[in-house]
Amino acid sequence: MKKFSNISLKNKIFFSTLAVILLFSVLSALDTRLVLIPNMTDELKLRGIAIAQSIADRGRGYILTKDNPSLIGLVLDAAQLEEPKQFVSYIFILDVENNILAHTFIDAFPDKLRMANTTPPEQPHSIKLLHIKDDSAYDVAVPIMEGIYRIGTVHVGLNKKHIDNLIGTWRITYLGIIFAIIGIFFLISHWLSQYITRPISELTKVADEISRGNLDIKPNLGSEIKCWQIQNCQKEDCPAYKSTEFPCWYVDETQCPENPQGKFPEKLKYCYGCNVYQKRGRDEVGQLADSFIHMTNRLKVSQIKLKESEEKYRSLFDSGPNPIFVLDHETFEILAANPSAEETYGYSKAEFVGKSFMDLGPFGHKEAHTSHFENGGWQKAALLSSKVQHFKKGSKPFYVNVYACPTKYQDKDAMIIATTDITEMIEKDTQLIQAGKMTALGEMSAGIAHELNQPLNAIKMGSEFLKMMIEEGKKIPEQSLLQVVHEVNDQVDRAAETINRLREFGRKADFTKENLDINRPIKGVLDIISHQLSLQSIEVVLDIDETLPPILAHNNRLEQVIFNMVVNARDAINQKQEVGDGKDARVITLRSFQEDNRVAVAVSDTGIGIPEPVRDKIFEPFFTTKEVGKGMGLGLSIIYGIVRDYGGEIDVHSQEGAGTTFKITFPYASS
C-alpha cells in the first residue's frame, strides 16, 4: 500500500481501473465455474428428461398393443431427429419386467444398462452418470404410466463428452469476451488517466510557482467569461465591466439586473440561475482551473490588502500613545513592544524582546488572571485586570490597567497587551478617600476627646494623690504607690492604643492586596466609633462568623468602606428622630457570613430609609439626601469604587420609615 501511494496519480487511476476490471473478470470466471456451468448442465439434463417424457407419452399405446416394431421406429426417429445427433448416445425402452422392448444400439444391447438406473416409484424420473465402454453418459430414466400403473421405462443416454464440449466451447467464448473487454478497458483507462491527470499536472506546476511567490502565472486550462459581452452590457461603472481577473459572480456590488447586488460569497447563490454563470465550463477540471485562477487573483488582492493592513496597524502600533506589547501566548515572553512602552517603562527594544512580561508586573494579584489565557477563555479584546502595580526600569512603581486581545504573530498564537498608566487617577482617588477620613475624624472629635480624657483624668488623679502625699510629708504606703503606678501605666497604654488606632485609620491607604480576614476591619471601625455611637444612644449589634475564609483586599481601605456604611446608618437613625419619629429602636447591626461561595458583610439600621425614586442614584458622586452642609455625597461613591476594585459587589435593600441594609460581597482569595 505504501508503494502504491508513492506512484503518480495517472498510474493510480490506470492500475485501479485495471484492477477493478481484473477483479470483475475473476468474479465472472468464478461465477461461470460455480453457477453458470452447473446451471447449463442442469438445463441439458432437463432437455434429456423432456425427450424421455415425449417418448414415454407416444410409446404408451405401442406397449399396450405390444407393437414392438412401432416402438423401435419411435426410438430410432427420436434419436435421428435430435440435434445435434451427438447429444443422444442411446435410447431404449424396458417393460415392467425390465425386458428390452426397443433400443438404438447397433450392436448387441449392453446388458449392464438394464438395471443400472432404476426409477423409484415415488419419483417422476431418475438421472445417473454411467460408463459404457470408453464413453460416459447421463442416463435419464422416465417411467411409462397408464393411469396409476407403471407399464415400462424409457432410458435416454446423454453424451457426457458432447455436454463437456458444449460447456468448454461456451467457457472459451465467455473468457474471450472478458479478455476483449479487459483490452478495451485497458485502452480506455490509459486514455482516461492521461485526460484527467494532464490538467492536474498543469495545475500542480502552477501551484509550485505560486508557492514560490509567483502569483502572475496562469494555467492554460480555464475559460474566460466576459459577462458584459454576453449581456450586451454598457454599464461601464460596474466593477465587473471589462474585468478579466474575476468573473462577475466573484465581484462585489455588480450592476447586473439578473443578480442582486451583494458581497461575495453571499451573492453567489443568486447567480446559479444566471445565463452568464451557466455558460462557464461544464468540465469539472476546467471549473477547477477557473477556480484556481480566481483563487490566485484573490491571493494577489489579499496580499495587497494584507500589506496595506500591516502598514496601517504598524503605524498605529508605533504611534500609539499607550504602551503596547506582543506576548507569546504560552510563555508570556515579550515578542515586540512599541516606542511608547520603551518610553513609559524605560527599557530599550532590545531589552524588551525575550523578557517575560511578568518581570514588569503581574496581570493581577498572584497572576490570578493568567488562568484566563491558559484555559482558552479569551476570544476578543477585554480588560484583563485593573489597578495593578507595574515597575519601570529601576523598580519605580506605578499603576496600570491591563487590556488584552488574541492575535497571531509569526505563525503562532500570541496576545496583544496594552497598558494604561492610571497612577495619577489612583493618587486622586487616594486623596479623595483620605479627605473623607479626615472629615470622619473631625466628626468623631468629641468622642475621641472623651476617649482620651478618661485616661488623662485617671493619670491626673494619681499624680495629684502622689503630689499631696509628698507636700504633706506623709509616707506613701508601698501598696498604694504600686497601685497608683499600675493605674497610670494602664491609662497611658489605653491612650496610646487610642492614638495608634486613630493614626492607623487616618494614614494614607495603599492600593495593595493581601489575604484579609473581613472581621478585622469591622472590629477596627467599632474600636473607633462605638463609644461615639453609645453617646448618641445607638445600640450596636455585632454578629460575625470567625470561620470565614480570607479575601483579597487591603485592611485600611475596607475600614473606610465599613466606616462610611456605619456613619450613613447613624445619620439615617438621627434623621428619623429629627422628623419626629424617635420612639423606635436605635440599632445598627453588623454581620459577616458566607453567601453563594462569597464572603459577605451586611450593615443594617433602623433609620429613615431611602426613598425609592432616588435608590438608583445613591452611588453617583455628589448625590446626597442629607441637608445642605451635612454631606458632600461622596461617601457611597467611595464605597462603590473600593468594593469594585477588589472584585466585590454591593447591594442595597431599603424600606422607607423602616431602615436600610447595605450588603457587600467579595470572592474568596485564591489559594
Side-chain angles (χ1 to χ4, degrees), residues 302-303 305-427 510-515 552 644-647 667 669-671:
S302 298
Q303 275 196 344
K305 290 182 178 179
L306 179 61
K307 186 176 180 180
E308 293 175 351
S309 177
E310 286 180 349
E311 292 176 352
K312 174 183 176 182
Y313 287 102
R314 172 58 64 180
S315 175
L316 292 175
F317 180 80
D318 291 338
S319 61
N322 293 324
I324 302 175
F325 303 88
V326 180
L327 308 185
D328 183 275
H329 176 263
E330 299 293 336
T331 63
F332 305 122
E333 175 186 336
I334 297 175
L335 305 176
N338 70 340
S340 179
E342 298 177 32
E343 180 181 351
T344 301
Y345 285 84
Y347 293 96
S348 66
K349 183 177 181 180
E351 290 174 316
F352 268 133
V353 175
K355 188 181 185 69
S356 174
F357 185 77
M358 297 299 186
D359 294 340
L360 304 179
F363 286 112
H365 184 68
K366 292 183 180 180
E367 292 74 50
H369 294 284
T370 59
S371 60
H372 182 65
F373 291 95
E374 293 170 356
N375 297 331
W378 63 311
Q379 297 295 333
K380 57 184 179 180
L383 175 65
L384 187 60
S385 54
S386 62
K387 299 181 180 178
V388 294
Q389 191 178 59
H390 277 204
F391 296 91
K392 300 183 180 183
K393 189 174 183 179
S395 301
K396 182 179 178 181
F398 69 112
Y399 289 93
V400 297
N401 285 342
V402 181
Y403 299 84
C405 71
T407 188
K408 285 282 187 180
Y409 186 81
Q410 295 179 348
D411 295 329
K412 59 183 177 180
D413 290 335
M415 52 181 159
I416 296 176
I417 298 292
T419 60
T420 305
D421 189 347
I422 56 169
T423 306
E424 184 177 348
M425 182 183 70
I426 287 183
E427 184 62 31
D510 189 12
F511 189 78
T512 57
K513 296 179 182 179
E514 59 188 5
N515 286 339
L552 284 176
R644 298 293 291 179
D645 284 344
Y646 296 133
S670 57
S671 56

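Everything quoted here is computed from the prediction, not taken from an experiment.
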Could you tell me which residues satisfy side chain to side chain contact (heavy atoms under 4.5 Å, CB included) with Tyr409, sequence neighbours excluded, listed by chain and number?
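Tyr409 satisfies side chain to side chain contact (heavy atoms under 4.5 Å, CB included) with Val326, Leu335, Ala336, Ala414 only.
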
Kindly write out the residues that satisfy side chain to side chain contact (heavy atoms under 4.5 Å, CB included) with Pro397, not counting sequence neighbours, or none if the list is empty.
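Gln389, Phe391.
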
Mind checking what makes salt bridge (Lys or Arg N to Asp or Glu O under 4.0 Å) contact with Asp413, not counting sequence neighbours?
Lys408

Considering only heavy atoms from C-beta outward, does the side chain of Ile334 approach that of Leu360 to under 4.5 Å?
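Yes - at least one pair of side-chain heavy atoms lies under 4.5 Å apart.
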
To the closest 0.5 Å, what do you measure between [atom1] ([X]) and [atom2] ([Y])?
X	Y	atom1	atom2	value
Asn322	Asn338	CG	CG	8.5 Å
Phe332	Phe325	CZ	CZ	14.5 Å
Tyr345	Lys355	OH	NZ	11.5 Å
Thr407	His329	OG1	NE2	11.5 Å
Asn515	Leu552	CG	CG	5.5 Å

Not counting sequence neighbours, list each pair that qualifies as a salt bridge (charged side-chain N to carboxylate O under 4.0 Å, His left out) and has a residue in residues 389-407.
Glu351-Lys393

Can you list every salt bridge (charged side-chain N to carboxylate O under 4.0 Å, His left out) pair that touches residues 337-348, not counting sequence neighbours?
none

For Tyr347, what residues pass the ring-ring contact (aromatic ring centres under 6.0 Å, His included) criterion, not counting sequence neighbours?
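So Tyr347 forms a ring-ring contact (aromatic ring centres under 6.0 Å, His included) with Phe352.
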
Apply side chain to side chain contact (heavy atoms under 4.5 Å, CB included) to the pair Thr420 and Val400, showing each step before the final yes or no.
CA-CA 5 Å; Thr420 305; Val400 297; 5.9 Å; no

Heavy-atom pair of closest approach, residues Pro667 and Gly647:
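Taking Pro667 first and Gly647 second, the nearest heavy atoms are CD-O, 3.3 Å.
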
So, for Pro321 and Ser340, which heavy atoms are closest and what is the spacing to 0.1 Å?
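Looks like O-OG, 2.8 Å.
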
